[in-house]
2 protein chains.
Amino acid sequence: MNFKQLEYFAAVAEAKSISGAARELHVAQPPVSRQLALLEDELGVTLFLRTNKGVELTEAGQCLYQHSRQMFQSLRTMADSVRDVDAGVRGQLKLGIIYSDVQIATSLMQEYHERYPQVELYVRMGSPGDLLDDLSRGELHVLFLRSQSERSYGLRERVLGEDPLELVMRAETDPAPGQAAVPIRALRDVPMCLLRSDDLWGYSRDLTDECRRAGFTPNVACHCYDTPMEMQMVQAGFGVGFLPKSIVEAHPGSPVYTKPVLEFAAKSYPILVWEDDPYQSGCVKRFLELAAERT
Amino acid sequence: MNFKQLEYFAAVAEAKSISGAARELHVAQPPVSRQLALLEDELGVTLFLRTNKGVELTEAGQCLYQHSRQMFQSLRTMADSVRDVDAGVRGQLKLGIIYSDVQIATSLMQEYHERYPQVELYVRMGSPGDLLDDLSRGELHVLFLRSQSERSYGLRERVLGEDPLELVMRAETDPAPGQAAVPIRALRDVPMCLLRSDDLWGYSRDLTDECRRAGFTPNVACHCYDTPMEMQMVQAGFGVGFLPKSIVEAHPGSPVYTKPVLEFAAKSYPILVWEDDPYQSGCVKRFLELAAERT
DNA sequence: AAGCGCCATACTATTTTTATATGGCAATTA
DNA sequence: TAATTGCCATATAAAAATAGTATGGCGCTT
């Protein structure tokens with residue numbers, strides 16, 4: 001059986017006539033007659049009763065006709081949905097997001113979802129290392145990370161914006177109360193909660209280097225494994241933190257606030273990271289296009 | 001697009017290799033490569049990424065693969081169900097039944113349904129004339145009627161059994177109390193409820209003819225249009241009826257009982273009636289076969 | 001560098017499908 | 001009653017689609 005036979009069959013069923021169907025199909029009558037006979041042979045079933053003035057469906061023929069209509073419907077939806085997936089209108093998009101990028105990521109995802117509502121979005125949060133592993137295994141398509149000027153990921157990147165790195169504190173732990181910015185020397189001996197320095201993408205390295213240049217070793221009271229933990233420690237009054245300003249802004253009710261370091265205007269850059277694949281899925285392409293529009 | 005292309009596509013998707021699929025399909029490699037290219041052209045979509053050691057599905061390809069599996073499934077069920085309909089295992093069977101045949105009809109239908117549970121049964125009750133009209137219009141397939149020796153229906157028939165025609169009465173209207181059978185002369189002047197005599201299939205004609213032969217005109221107190229009505233009238237004490245014995249036996253709680261007419265052993269024959277169509281639907285064929293087995 | 005396995009392409013051979021011509025059949029019309 | 005018409009089926013020739021053969025490029029292994 002093939003589509004042509006089904007197509008001819010359906011046309012004959014609708015025209016109630018072989019020659020009529022042939023006219024509709026713009027082919028001669030014998031081919032239609034022949035394909036019909038082949039179909040009947042293959043199924044081992046009489047599909048039409050041949051009458052004087054045409055043909056009419058048997059019960060088995062009616063059954064086949066109903067199924068054939070469904071079949072053509074499925075065929076159309078199949079082709080459409082394959083094209084949609086190819087165009088990126090439909091499909092799956094799997095994103096990895098580090099804690100610091102949740103704000104910018106959700107906003108971009110929201111806009112993307114409005115534009116491509118049929119795409120299923122998958123997101124996971126995690127450390128940059130874990131996310132990069134998943135990216136290389138193909139389990140994630142695009143990551144929201146922060147750029148590291150010293151290192152390249154060996155991947156495609158796009159900077160989404162910038163975010164000043166500032167000290168984070170409660171009033172009780174403020175090293176320079178009453179001042180809008182904290183001079184670096186004010187940090188001497190101040191207990192600090194920083195991202196663990198062996199984390200390749202920590203923000204802490206910049207600050208500790210700066211302290212050493214200022215002639216002292218910072219008092220790192222607590223090494224945190226991730227930014228939410230660091231926020232918690234600072235909020236608990238454990239010490240002063242050093243984080244992108246936007247993270248603190250995302251905690252409006254918190255007793256924590258930020259101040260820049262007077263002599264050191266460090267910045268962090270939210271970036272998108274993806275693998276450079278010429279056969280990138282349509283969803284990924286569309287998502288990257290949208291990100292490009294927004295920057 | 002045609003089934004061959006889909007079939008090749010699915011084989012390639014499963015083998016993750018064009019040449020591997022070609023081996024599975026027992027064809028050379030170039031045809032598979034070519035049909036795949038045609039399919040991709042027609043959809044305007046890249047379905048596979050060609051790698052060093054084979055091919056792998058793109059997202060659009062995965063989408064097509066899932067749909068294609070469904071499609072093959074539908075194809076199989078379509079062929080199966082068409083064959084089932086043809087064989088009479090599936091489909092519709094529309095029966096017409098006169099009141100007197102309800103007992104025998106339901107019993108036959110029950111057995112039929114056990115054997116062919118997938119067939120949808122439609123039944124209607126009515127007068128023989130109405131049912132025959134529906135039969136000729138093709139709205140019913142098989143009728144349960146009673147045979148008329150004088151008339152032929154011009155249709156195929158099968159006798160299902162026999163059923164003595166007897167007088168029906170209450171104790172109050174019994175023309176021959178204490179006797180097992182009623183002599184014909186005892187019916188003189190007895191009020192009777194009979195099927196209307198102009199009904200071609202009424203049982204009454206036999207009895208009224210017999211009365212006239214016995215020298216009197218029967219006292220037909222009420223002409224009934226159908227057997228249930230006649231039963232009601234007899235049950236209400238309006239008079240004596242004349243009906244197939246089985247009808248009364250089907251009313252076990254009723255105060256009505258039957259007695260044969262002494263000199264007149266009339267019988268009624270339940271029959272199946274259908275049109276002689278060589279392209280009879282499978283369900284009808286199977287039903288008639290079952291009826292043949294039972295007689 | 002040679003060999004191997006993969007896919008793509010060019011070309012030929014085969015199979016399938018189509019179109020043309022024709023015949024049987026039943027119903028309508030002259 | 002004979003002729004015509006419209007229907008479907010069949011036989012044959014033409015056209016199209018499909019398969020097979022030969023070959024080349026490419027990346028990987030040996």
Side-chain angles (χ1 to χ4, degrees), chain A residues 1-58 60-62 64-65 68 75 275-279, chain B residues 1-58 60-62 64-65 68 75 275-279:
Chain A
M1 188 188 312
N2 55 37
F3 282 126
K4 190 172 304 192
Q5 286 174 358
L6 264 192
E7 191 189 337
Y8 283 15
F9 164 81
V12 172
E14 277 156 20
K16 300 185 194 302
S17 148
I18 294 182
S19 38
R23 281 189 291 275
E24 287 289 322
L25 295 162
H26 301 293
V27 293
Q29 169 258 318
V32 182
S33 187
R34 202 171 132 61
Q35 295 300 329
L36 214 56
L38 288 174
L39 187 60
E40 287 183 320
D41 282 358
E42 181 178 338
L43 291 172
V45 163
T46 303
L47 297 170
F48 288 101
L49 303 182
R50 276 70 170 175
T51 68
N52 316 340
K53 45 169 156 283
V55 294
E56 66 185 50
L57 286 168
T58 61
Q62 286 172 31
L64 183 64
Y65 180 64
S68 76
L75 205 66
E275 290 197 321
D276 192 6
D277 179 357
Y279 293 101
Chain B
M1 190 189 309
N2 54 37
F3 280 127
K4 191 172 301 190
Q5 286 174 357
L6 264 192
E7 192 189 338
Y8 282 14
F9 164 81
V12 172
E14 276 156 19
K16 298 182 195 304
S17 148
I18 294 182
S19 38
R23 281 189 291 274
E24 287 288 321
L25 294 163
H26 302 293
V27 292
Q29 169 259 321
V32 182
S33 187
R34 203 170 129 61
Q35 294 300 330
L36 215 56
L38 287 175
L39 187 59
E40 287 183 320
D41 282 357
E42 181 177 338
L43 290 172
V45 161
T46 303
L47 297 170
F48 289 101
L49 303 181
R50 277 68 171 177
T51 68
N52 315 342
K53 44 170 155 284
V55 294
E56 67 184 51
L57 285 168
T58 61
Q62 287 170 31
L64 182 64
Y65 180 64
S68 77
L75 206 66
E275 290 197 319
D276 192 7
D277 180 356
Y279 293 101

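So that the names make sense, note that chain A is the first sequence line, chain B the second, and so on, each numbered from 1. What you see is a predicted model; the values in this text were computed from it and never measured. Values reported hereafter were calculated over all heavy atoms of this structure, with side chains retained and with hydrogens, waters and symmetry mates removed.
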Using whole Å, report how far [atom1] of [X] lies from [atom2] of [N].
X	N	atom1	atom2	answer
B:Gln5	D:dT18	CD	P	7 Å
A:Leu39	C:dT17	CG	P	12 Å
B:Gln35	C:dT9	CD	C1'	15 Å
A:Arg34	C:dT15	CZ	C1'	12 Å
A:Leu49	D:dC7	CG	P	18 Å
A:Arg50	D:dT10	CZ	C1'	13 Å
B:Leu38	D:dA19	CG	C1'	13 Å
B:Glu40	C:dA8	CD	P	8 Å

Mark yes when over 12 heavy atoms from residues, nucleotides or ligands other than B:Glu24 sit less than 6.0 Å from its CD; otherwise mark no.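 Atom CD in B:Glu24 is not packed in, count stays at 12 or less.
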For the backbone of [Y] and the side chain of [X], can you confirm whether one donor and one acceptor N or O come within less than 3.5 Å of each other?
X	Y	answer
A:Gln35	A:Gln5	no
B:Glu40	B:Leu47	yes
A:Thr58	A:Thr46	yes
B:Gln29	B:Ala22	no

I'd like to know whether A:Val45 forms a side-chain contact (heavy atoms from CB on, under 4.5 Å) with A:Leu64, so could you lay out the CA-CA distance, the side-chain angles of the two residues, the decisive distance to 0.1 Å, and finally the verdict. CA-CA 10 Å; A:Val45 163; A:Leu64 183 64; over 6 Å; no
[X] [atom1] to [Y] [atom2] distance, which is reported to the nearest 0.5 Å:
X	Y	atom1	atom2	answer
A:Leu43	A:Met1	CG	CE	4.5 Å
A:Ile18	A:Ser33	CD1	OG	4.5 Å
A:Leu57	A:Lys16	CG	NZ	6.5 Å

Below 3.5 Å between N/O atoms, which protein atoms pair up with nucleotides 21-24 of chain D? Just atom names and distances, please.
none

Return no unless some side-chain N or O of A:Asn2 is found under 4.0 Å from OP1 or OP2 of C:dT16.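 No, because none of the side-chain N or O atoms of A:Asn2 sits under 4.0 Å from OP1 or OP2 of C:dT16.
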Any side-chain N or O of B:Ser33 below 4.0 angstrom from OP1/OP2 of C:dA8?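 Result: yes.
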B:Lys4 side-chain proximity, nearest of D:dA19, C:dA8, C:dT17: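 Among the listed nucleotides, the one closest to the side chain of B:Lys4 is D:dA19.
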Would a 4.5 Å heavy-atom cut-off, applied to side chains only, mark B:Asn2 and A:Lys4 as touching?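 A side-chain contact is absent here, since even the closest heavy-atom pair is not under 4.5 Å.
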How are the rings of A:Phe9 and A:Phe48 set to each other: parallel, tilted or perpendicular (split at 30° and 60°)?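 Tilted.
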Which parts of residues 6-25 of chain A get close to DNA chain D, meaning a heavy atom less than 4.0 angstrom away?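 Nucleic-acid contacts, sorted: A:Ser17, A:Ile18, A:Ser19.
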Pairs under 3.5 angstrom, nitrogen or oxygen only, protein versus nucleotides 28-30 of chain D, please.
from, atom 1, to, atom 2, distance (Å)
D:dC28, OP1, B:Asn52, ND2, 3.0

On DNA chain D, check which nucleotide each of B:Val27 and A:Gly54 is closest to and give me the residue with the more 5' one.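 In this pair, the answer is A:Gly54.
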Start with the C-alpha distance between A:Tyr8 and A:Leu39, add both sets of side-chain angles, then the distance that settles side-chain contact (heavy atoms from CB on, under 4.5 Å), and finish with yes or no. CA-CA 10 Å; A:Tyr8 283 15; A:Leu39 187 60; over 6 Å; no
